[in-house]
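Below is one structure, written out as structure tokens; comments come after it.
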Amino acid sequence: MAAPRWLARINKRVFNPVELRRGRRPVLTHVGRRTGTVYRTPLDAHPVEGGFVFVLVYGAGSDWVRNVLATGTAQLQVDGQRVELRGPRLVDAEEAVDVLPDTVKLPPSIMKVTEFLWMDTAA
């Protein structure tokens with residue numbers, strides 16, 4: 001069970017713009033699946049061998065996830081570098097936890113996050 005959608009809407013409208021201005025978090029640039037609009041979403045991006053894993057706190061129904069799955073590509077601005085990503089795929093918690101470093105703090109178990117998004121770095 002992901003976090004509630006009403007919380008996602010608040011986060012999107014209130015906290016994401018603040019995080020973008022602060023410039024301290026990784027930012028995923030993706031294209032809207034229907035409008036073609038370019039969006040920038042601050043996220044926690046966890047490097048794994050050959051790519052990045054994203055914890056889907058609000059589930060796979062989030063706009064940014066649906067956009068990335070539809071287009072198959074995105075760009076990640078992390079540590080001052082732009083990384084091209086491709087091949088998005090949903091993975092379950094078991095697969096994600098197996099590859100994430102032990103230092104990654106996962107959401108509390110009460111949130112019951114079961115979906116993760118894995119993207120490969122473009123060669």
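- Residues V57 and V91 fall within the same hydrophobic cluster, defined by Ile, Leu, Val, Met, Phe, Trp and Tyr side chains chained together at heavy-atom separations under 4.5 Å.
- Listed here is the closest heavy atom pair of P88 and V68: CG-O, 3.4 Å.
- Scanning all heavy atoms of the two residues, the minimum distance from R33 to A70 falls at CB-CB, 3.7 Å.
- Without hydrogens or angle criteria, E115 side chain to A60 main chain gives a donor-acceptor distance under 3.5 Å.
- What you find for F116 and A96 is that their closest heavy atoms are CG-CB, 3.4 Å.
- No donor-acceptor pair under 3.5 Å is formed between the side chain of T35 and the backbone N or O of G32.
- Within a 6.0 Å radius of CG in D79, other residues, nucleotides and ligands contribute 12 heavy atoms or fewer.
- Side chains of T71 and H30: a donor-acceptor N/O pair is absent below 3.5 angstrom, by distance only.
- Taking 4.5 Å as the limit, every side-chain heavy atom of V65 sits out of range of all side-chain heavy atoms of Y58.
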- Query: Going through the distances and angles, do L28 and L85 end up as a side-chain contact (heavy atoms from CB on, under 4.5 Å)?
  - Reply: CA-CA 10 Å; L28 190 75; L85 300 175; 4.1 Å; yes
- Between V27 and L43, is a side-chain contact (heavy atoms from CB on, under 4.5 Å) present by the stated rule, with each step listed? CA-CA 6 Å; V27 175; L43 298 164; over 6 Å; no
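- Atom CZ of R82 has more than 12 heavy atoms from other residues, nucleotides or ligands within 6.0 Å.
- One distance of note links CG of D63 with OH of Y39; it measures 7.5 Å at 0.5 Å rounding.
- Closest non-hydrogen pair, H46 versus L100, comes out as CB-CD2, 3.5 Å.
- Using a 4.5 Å cut-off on side-chain heavy atoms (C-beta onward), W118 and V99 make contact.
- Interatomic distance, Q75 CD to M119 CE, rounded to the nearest 0.5 Å: 10.0 Å.
- Nearest heavy atoms, T29 versus R40: OG1-CG, 3.9 Å.
- The nearest pair of heavy atoms linking G87 to D120 is O-OD2, 4.2 Å.
- Two different hydrophobic clusters hold V31 and L117 under the rule that ILVMFWY side chains link at heavy-atom gaps under 4.5 Å.
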- Query: V55 and D44: side-chain contact (heavy atoms from CB on, under 4.5 Å), yes or no, with the steps?
  - Reply: CA-CA 7 Å; V55 181; D44 288 326; over 6 Å; no
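- Partners of W64 under the ring pair (Phe, Tyr, Trp, His ring centres under 6.0 Å) rule, at least two apart in sequence or in another chain, are F54.
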